2 protein chains.
Amino acid sequence: MRPSQALRLWQQVMLSQVRDDEPDLTMRQTAILFTIYLDPPPHTVRGLAARLNVTKPVITRALDTMGALKLVSRHRDELDKRNVLIRRTVEGALFVERFGDGIIAKAHELPI
Amino acid sequence: MRPSQALRLWQQVMLSQVRDDEPDLTMRQTAILFTIYLDPPPHTVRGLAARLNVTKPVITRALDTMGALKLVSRHRDELDKRNVLIRRTVEGALFVERFGDGIIAKAHELPI
DNA sequence: GGAAACTGAAACGGAACCGAAACAATTTGC
DNA sequence: GCAAATTGTTTCGGTTCCGTTTCAGTTTCC
């Protein structure tokens, strides 16, 4: 794949995200969501903040938003009750899966 | 490319965007920027709004923001002075080009 | 026990964004 | 010439996000 094709693919996926009437996730929210679903658990607020190089409140608020959308869920760590473990949800897994399928679909539509 | 690889690639590119300390573009701003640089000109506020299925003020505000970042520039259409023509800039072209190169670089780092 | 360290969340003020509506400037149609 | 239509911008009230700071709960280390 060449850069120009990659850019065209990126544009198409971005456009499909913007066009649909669901509220757009921010770049940070998307990065957090994908990290939760692609990197091996367990995921904590602190760990995500370090991975993304952002402050902890950024993670907390993004989890608030995505939790309301049922894309992730939070649970206290029973072994160390200071920790919050972020878990995947069925809805979130579906969202991410559809996103992946969307990328592939757009890739197939690309001009040569 | 399979969906899982596409998702991993998307995550890596998102992470690199979030990690660097430059201010993140929103999903909409990115879609607008890429459309300006990938679709053939001329580009107008109205045309971009229709292409992205958003209202005109969304375009105006995104152009304000990206104009301040020198990623795009605006000029009155001399033939029909109601129109504003959006033009590419050197900085914007570099930004988009680097973005494309970044995708390719991340793609090469992907696990098999 | 009790101080210190750590974790995630809440509070705060400021900035950016949103949709809808109102607006000024320009062109079109009669 | 002048009303109607078109274009991009601004304004309005409301929402969301931001970084910093502060806080409550928990664990660790003497």
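Here is the naming used below: chain letters follow the sequence lines, and residue numbers restart at 1 for every chain. What you see is a predicted model; the values in this text were computed from it and never measured.
One can find a donor-acceptor pair under 3.5 Å joining the base of D:dT6 and the side-chain atoms of B:R82. For A:R61 against D:dG19, a side-chain N or O and a base N or O form a donor-acceptor pair under 3.5 Å. In this model, no side-chain donor or acceptor of A:K81 finds a partner on the base of D:dG25 within 3.5 Å.
Across B:R51 and A:R19, no two heavy atoms sit closer than the pair O-NH2, 2.6 Å. Contact record, B:T60 with B:R74: O-NH1, 3.7 Å, taken as the closest heavy-atom pair.
Side-chain proximity of B:V45 to the nucleotides D:dC18, D:dG8, C:dA9 is greatest for D:dG8. The side chain of A:T55 lies closest to D:dG19 when the candidates are D:dT7, D:dG19, C:dG19. Here the nucleotide nearest the side chain of B:R74, chosen from C:dG8, D:dT7, D:dT9, is D:dT9. The side chain of A:P57 has D:dT21 as its nearest neighbour among C:dA20, D:dT7, D:dT21.
Atoms CG (A:L63) and P (C:dA9) sit 7 Å apart, rounded to a whole Å. Rounding to whole angstrom units, CG of residue B:L85 and C1' of D:dT9 are separated by 16 Å. At whole-Å resolution of the value, CG in B:D64 and C1' in D:dT9 are 9 Å apart. Taking atom CD1 of B:I59 as the reference point, atom P of C:dG19 lies 10 Å away to the nearest angstrom. The distance from atom CG of A:L69 to atom C1' of D:dT15 is 14 Å, rounded to the nearest whole Å. In this entry the distance linking CG of A:L52 with C1' of D:dG19 reads 16 Å, nearest Å. Separating the NZ atom of B:K56 from the P atom of D:dT11 is a distance of 16 Å, rounded to the nearest angstrom. Between the C1' atom of C:dT27 and the CZ atom of B:R46 lies a distance of 14 Å, rounded to the nearest Å.
Residue A:Q29 places no side-chain N or O under 4.0 Å from the OP1 or OP2 atom of D:dT16. In terms of phosphate contacts, A:N83 brings a side-chain nitrogen or oxygen within less than 4.0 Å of OP1 or OP2 of C:dG8. For C:dG8, the OP1/OP2 oxygens have no side-chain nitrogen or oxygen of A:T60 closer than 4.0 Å. B:T65 has a side-chain polar atom (N or O) that falls below the 4.0 Å cut-off from OP1 or OP2 of C:dC17. Look at B:R28 and you won't find any side-chain N or O under 4.0 angstrom from OP1 or OP2 of C:dA16.
Note on A:D80: only backbone sugar-phosphate atoms sit closer than 4.0 angstrom, heavy atoms only; bases stay farther off.
For the side chain to side chain contact (heavy atoms under 4.5 Å, CB included) criterion with A:F95, the lone passing option out of A:L69, A:T89, A:L25 is A:L25.
In this structure, a donor-acceptor pair under 3.5 Å is present between the side chains of B:R2 and B:S4.
The number of heavy atoms from other shown groups lying within 6.0 Å of CZ (A:R46) does not exceed 12.
Cluster membership check: A:L38 shares its hydrophobic cluster with A:I32, using side-chain heavy-atom separations under 4.5 Å among Ile, Leu, Val, Met, Phe, Trp and Tyr.
Each of B:T44 and A:E78 was assigned the nucleotide of DNA chain D with the nearest heavy atom; the assignment lying further toward the 5' end belongs to B:T44. Nearest-nucleotide positions on DNA chain D for A:V54 and A:L79 put A:V54 closer to the 5' end.
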